[in-house]
Amino acid sequence: MTLVTDPKFPNLYQVSHPLILHKLSQLRECNTSKKEFKELLEEITRLLVYEATKDLPLTTRRIQTPLETIDTPVLEGKKPVVLPILRAGLGMVDGFLSLIPSARVGHIGLFRNENTLQPELYYFKIPKDSQERHVFICDPMLATGGSVSKAIELLKERGVKRISFLCIVASPEGATKLTTTHPDVKIFTAHLDRQLNEKGYILPGLGDAGDRLFGTR
Ligand code: PRP
Ligand code: URA
């Protein structure tokens, strides 16, 4: 896979691959069914996770194969945490767990106020020892960046140092906010879109991800 970077957003990586681009086109299509939307979200997430975890540190463990004893690579340290931003981030959890089934699962409930576009927190639960783990925040949409910034602030308040963010579509406005306020957080996205509209929706985007995932339009 190719990681596309842009000097304007030094910590944002567009994971470019024909399968991701094809599936993203299907995801954007307004006639895509609820069932297909859920499946596509999960499949794209799996491909993003593959790239977003490529720098996870390894150690070695001695194991016995049927023929020999070897020192062989295994992931080092505590299991990572996947942290979906409710609701739409829930659609990325199974894709993440399909590659790292032992990952811990936190939850953060954030609702974007339609008038102010500010995130309102209604739930937050992560493992107690999250400061010793790598936390992967998942949300399909990086729009103004308010929701994920709030999630990052809460994690940092609890001493979490290793944070990555996985999203499906990013706006330049959200990417600018995140790269300037949290330059230590790597953002992995399937696509950097053109702009936000006056209601804070990403263009061309894919609409309201939570509503399309849960059929609540
Ligand atoms: C959407 C989306 C993100 C947020 C992005 O959620 O899933 O969480 O908006 O916007 P931002 O970058 O401007 O903060 P929403 O608040 O609509 O909640 P929902 O997922 O429950 O529908
Ligand atoms: N939230 C969404 O679900 N879609 C957008 O385009 C922006 C925020």
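Hydrogens, waters and symmetry mates are skipped; everything else that's a heavy atom, side chains included, is used. Counting starts at 1 for both ligands and their atoms, following the listed order. Residue numbers run from 1 in the order of the sequence given.
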Report task. Could you tell me whether Arg217 sits above the aromatic face of Phe37, with NZ or CZ closer than 6.0 angstrom to the six-membered ring centre and within 45 degrees of the axis? Result -> no

Is it true that [X] and [Y] have a side-chain N and a carboxylate O under 4.0 angstrom from each other?
{"X": "Glu43", "Y": "Arg46", "value": "no"}
{"X": "Asp208", "Y": "Arg112", "value": "no"}
{"X": "Glu173", "Y": "Lys177", "value": "no"}
{"X": "Asp184", "Y": "Lys161", "value": "no"}

Identify the closest protein heavy atom to [atom]: which residue and atom is it, and at what distance?
{"atom": "atom 5 (C) of ligand 1", "answer": "Met141 O, 3.6 Å"}
{"atom": "atom 18 (O) of ligand 1", "answer": "Leu110 O, 4.0 Å"}
{"atom": "atom 17 (O) of ligand 1", "answer": "Asp208 OD2, 4.3 Å"}
{"atom": "atom 13 (O) of ligand 1", "answer": "Thr144 OG1, 2.5 Å"}
{"atom": "atom 10 (O) of ligand 1", "answer": "Arg112 CD, 3.3 Å"}

Query raised in the report: Who's closest to atom 12 (O) of ligand 1 heavy-atom-wise, of Ala151, Gly145, Ser147?
Result: Gly145

**Report entry** Candidate with minimal heavy-atom separation from atom 22 (O) of ligand 1, of Arg87, Lys177, Gln118
**Finding:** Arg87

Check the hydrophobic clustering (I, L, V, M, F, W, Y; side-chain heavy atoms under 4.5 Å; chains of links allowed) and say if [X] and [Y] are grouped together.
{"X": "Leu83", "Y": "Leu142", "answer": "yes"}
{"X": "Ile168", "Y": "Leu19", "answer": "yes"}
{"X": "Leu206", "Y": "Leu21", "answer": "no"}
{"X": "Val185", "Y": "Leu3", "answer": "no"}
{"X": "Val49", "Y": "Phe165", "answer": "no"}

Report summary line: With heavy atoms and a 4.0 Å threshold, my read on which part of Asp139 contacts ligand 1 is side chain

**Report entry** Residue portion contacting ligand 1 (non-hydrogen atoms closer than 4.0 Å) for Ala88
**Finding:** both

Report summary line: By side-chain hydrogen bond (donor to acceptor under 3.5 Å, both in side chains), Ser164 pairs with (sequence neighbours left out) His134

Report summary line: Sorted by chain and number, sequence neighbours left out, side-chain hydrogen bond (donor to acceptor under 3.5 Å, both in side chains) with Asn115 holds for none

Query raised in the report: Is there a protein heavy atom at a distance of less than 4.0 Å from atom 20 (O) of ligand 1?
Result: yes

Query - atom 3 (C) of ligand 1 protein-contacted, heavy-atom criterion under 4.0 angstrom - result: yes

Query raised in the report: Which atoms of ligand 1 have any heavy atom of Phe111 under 4.0 Å away?
Result: 16 (O)

Report task. Mark up the atoms of ligand 1 that fall under 4.0 Å of a heavy atom belonging to Gly146, in ascending order. Result -> 12 (O), 14 (O)

Query raised in the report: What residues form a ring pair (Phe, Tyr, Trp, His ring centres under 6.0 Å) with Tyr13, not counting sequence neighbours?
Result: Phe188

**Report entry** Ring-ring centroid check Phe136 Phe96, cutoff 6.0 Å
**Finding:** yes

Requested in this report: For ligand 2, would you mind listing the residues that have at least one heavy atom less than 4.0 Å away, ordered by chain and number?
Outcome: Arg112, Met141, Ala143, Gly200, Tyr201, Ile202, Gly207, Asp208, Ala209

Got an N/O contact under 3.5 Å between [X] and ligand 1?
{"X": "Ala143", "result": "yes"}
{"X": "Tyr122", "result": "no"}
{"X": "Asp211", "result": "no"}

